[in-house]
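Below is one structure; the comments refer to it alone.
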Amino acid sequence: MMSKKPKHLTASEEDLMEIFWEAKAPLTSVEILNISAGRSWNGNYIHMMLRSLLKKGMIEVCGSIQYGTQYARQFIPVVTKEQYAAKLVLSKGIKGNAIAAVTVAMVNETSETGNEGLIEQLEEIIESLKSKETKET
């Protein structure tokens with residue numbers, strides 16, 4: 001899980017994290033290079049970003065796979081896209097007591113009709129928080 005202080009990512013690091021979040025599977029630098037063929041990234045740049053994301057606690061090594069005579073490390077994200085987004089919002093000075101207002105604003109921004117599923121999820125979260133609070137007192 002991410003630390004309390006948010007780790008700000010560069011635009012390229014955010015793009016790389018998007019690749020991880022969309023892949024939903026461990027990736028090697030070779031696979032990332034293949035996936036990102038439309039970008040101007042080269043192998044050295046990908047390795048530099050991977051080191052940075054490791055240092056920031058956004059990804060971790062989860063294994064290795066053999067490519068020819070060499071081995072490549074596999075990486076997975078440690079932080080979900082939602083967790084990262086939450087840390088970014090909080091880093092903008094939004095206080096804990098404004099979370100409800102931010103949630104309402106985000107729902108309104110989606111402007112989707114039929115938010116029944118979202119409402120059910122929010123109700124489940126509220127009930128879970130109430131249960132947790134009751135157990136702690």
Would you kindly confirm whether Y45 and I19 end up in one hydrophobic cluster when ILVMFWY residues are joined by side chain heavy atoms under 4.5 Å apart?
yes
Is the shortest heavy-atom distance from the side chain of L9 to the side chain of Y84 under 4.5 Å?
yes
Return each pair, listed once, that meets salt bridge (charged side-chain N to carboxylate O under 4.0 Å, His left out) where at least one residue sits in residues 66-82; pairs must be two or more places apart or across chains.
E18-K81
Short side-chain to backbone donor-acceptor contact, S52 and M48, under 3.5 Å
no
Residue pair S91 / L88: nearest heavy atoms and the distance that separates them
OG-O, 2.7 Å
Would you compute the distance between atom OG1 of T80 and atom CH2 of W21 and round it to the nearest 0.5 angstrom?
7.5 Å
Verify the cluster assignment for L27 and V61: are they in a single hydrophobic cluster under the rule of side-chain heavy atoms below 4.5 Å apart?
yes
Atom OH of Y71 with >12 non-hydrogen neighbours under 6.0 angstrom:
no
Within one Ile-Leu-Val-Met-Phe-Trp-Tyr cluster: L54 and M58, side-chain cutoff 4.5 Å:
yes
Could you pull out the closest heavy-atom pair between L50 and S29, with the gap in Å?
CD1-CB, 3.9 Å
Given 3.5 Å as the limit, does a donor-acceptor pair link the side chain of E31 with the main chain of T28, or not?
yes
For the pair E14 (side chain) and L16 (backbone), establish whether a donor and an acceptor sit closer than 3.5 Å, ignoring hydrogens and angles.
no
Looking at Q70, I want to see if its CD is surrounded by more than 12 non-hydrogen atoms of other residues, nucleotides or ligands under 6.0 Å.
no
